[in-house]
Amino acid sequence: MSTEKELHARSESRCELCGATDSLTVYEIPPASDGSADQCVLTCSTCRGQIENPDTVDANHWRCLNDSMWSQVPAVQIMAWRMLNRLRAEGWPQDLLDMMYLDEETLHRAEAEQRATANAIQHIDSNGAVLQAGDTVTLIKDLDVKGSSLTAKRGTAVRNIRLVQDNPEQIEGRVDGQLIVILTKFVKK
């Protein structure tokens, strides 16, 4: 039996998070899902869209977790815990988290996404914004380029930056046609 068929049977063809019956798809729980039904949940397009795009989260939609957090299925418990944890600043999710019980193994899996995110290197500009490869940044200070007579002037736009993978304090970019390394504390997005 395929994973999707197993999930439809397990959930009675309803979203395992909110109970919706339309546009159901299999969602593999990151990180390191093997695609088995034990590591997947059946979600509607609304839940899936908000899980994958945190900027679009409607906190009131997730009040449905008041019921689904009591599921006996560990994969559903993990997703309920993660969404409640993501929304904890709203107030009511914290109350549900306080009531929720997860066995040790399930809690460890639920926290895995947070651990993976915490271990990821992030490049942060002078204002605290996260930088990504390809962004355009502006210099906030005149910078003397070592090994060159070039001075990168304040206000210069550096387009299509590259992130230095092993150092979160450095990016690379072209100023006056020359590729230079710039400290993230001297740029803003």
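- Taking S149 as the reference, nothing meets the side chain to side chain contact (heavy atoms under 4.5 Å, CB included) condition, with sequence neighbours excluded.
- Criterion: ILVMFWY side-chain heavy atoms under 4.5 Å apart, direct or through other members. Under it, M100 and L107 are part of a common hydrophobic cluster.
- Q50 and W62 share a side-chain donor-acceptor pair at under 3.5 Å.
- Every pair passing salt bridge (Lys or Arg N to Asp or Glu O under 4.0 Å) that includes a residue from residues 12-26 is listed here, sequence neighbours excluded: R10-E16.
- L65 and Y101 fall into different hydrophobic clusters, defined by Ile, Leu, Val, Met, Phe, Trp and Tyr side-chain heavy atoms under 4.5 Å apart, directly or through other members.
- Of the possible donor and acceptor atoms, one in the side chain of T56 sits under 3.5 Å from a partner among the backbone N and O of N53.
- Of all heavy-atom pairs between C40 and T3, the closest is SG-CG2, 4.3 Å.
- E105 pairs by the side-chain hydrogen bond (donor to acceptor under 3.5 Å, both in side chains) definition with nothing, not counting sequence neighbours.
- The salt bridge (Lys or Arg N to Asp or Glu O under 4.0 Å) analysis of residues 62-71, with sequence neighbours excluded, yields no pairs.
- Linking ILVMFWY side-chain heavy atoms closer than 4.5 Å, directly or via other members, places V57 and I51 in a single hydrophobic cluster.
- Remark: H8 pairs with S13 by the side-chain hydrogen bond (donor to acceptor under 3.5 Å, both in side chains) rule, at least two apart or across chains.
- Alongside L42, the hydrophobic cluster contains L7, L24, V26 (criterion: ILVMFWY side chains under 4.5 Å).
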Show me the side-chain donor-acceptor pairs of residues 179-189 shorter than 3.5 Å, one per line, residues at least two apart or across chains.
unit_1, atom_1, unit_2, atom_2, d
T184, OG1, I124, O, 3.2
K189, NZ, V130, O, 2.9
K189, NZ, D135, OD2, 3.3

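- With rounding to the nearest 0.5 angstrom, the CD atom of E6 is 11.5 Å from the OG atom of S11.
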Acceptor/donor pairs from residues 74-85 side chains to any protein atom, 3.5 angstrom cut, sequence neighbours excluded:
unit_1, atom_1, unit_2, atom_2, d
Q77, NE2, S71, O, 2.8
R82, NE, A110, O, 3.0
R82, NH1, P30, O, 2.7
R82, NH2, P30, O, 3.0
R82, NH2, R109, O, 2.9
N85, OD1, R88, NH1, 2.2

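- The side-chain hydrogen bond (donor to acceptor under 3.5 Å, both in side chains) check on D98 picks up Q94, with sequence neighbours excluded.
- Rounded to the nearest 0.5 angstrom, E90 CD and L96 CG are separated by 12.0 Å.
- The two residues N160 and G134 make their nearest non-hydrogen contact at OD1-CA, 3.3 Å.
- In terms of modelled atom types and a separation under 3.5 Å, the side chain of H108 and the main chain of D103 share no donor-acceptor contact.
- Applying the side-chain hydrogen bond (donor to acceptor under 3.5 Å, both in side chains) rule to S45 yields no partners; only residues at least two apart in sequence or on another chain are considered.
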Can you give me every donor-acceptor pair (side chain of residues 137-144, partner residue at least two apart or in another chain, under 3.5 Å) with its distance?
unit_1, atom_1, unit_2, atom_2, d
D142, OD1, R154, N, 2.6
D144, OD1, T151, OG1, 3.1

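- Atom OG of S23 and atom CZ of R48 lie 11.5 Å apart (nearest 0.5 Å).
- You'll find the side chain of H61 reaches within 4.5 Å of the side chain of C47, heavy atoms only.
- To the nearest 0.5 Å, the span separating CD on E52 from OG1 on T43 amounts to 7.5 Å.
- The salt bridge (Lys or Arg N to Asp or Glu O under 4.0 Å) pairs that include a residue from residues 167-181 are R162-E172, where partners are two or more places apart or lie in different chains.
- The cluster map of Ile, Leu, Val, Met, Phe, Trp and Tyr, joined by side-chain heavy atoms under 4.5 Å apart, puts L17 and W92 in the same cluster.
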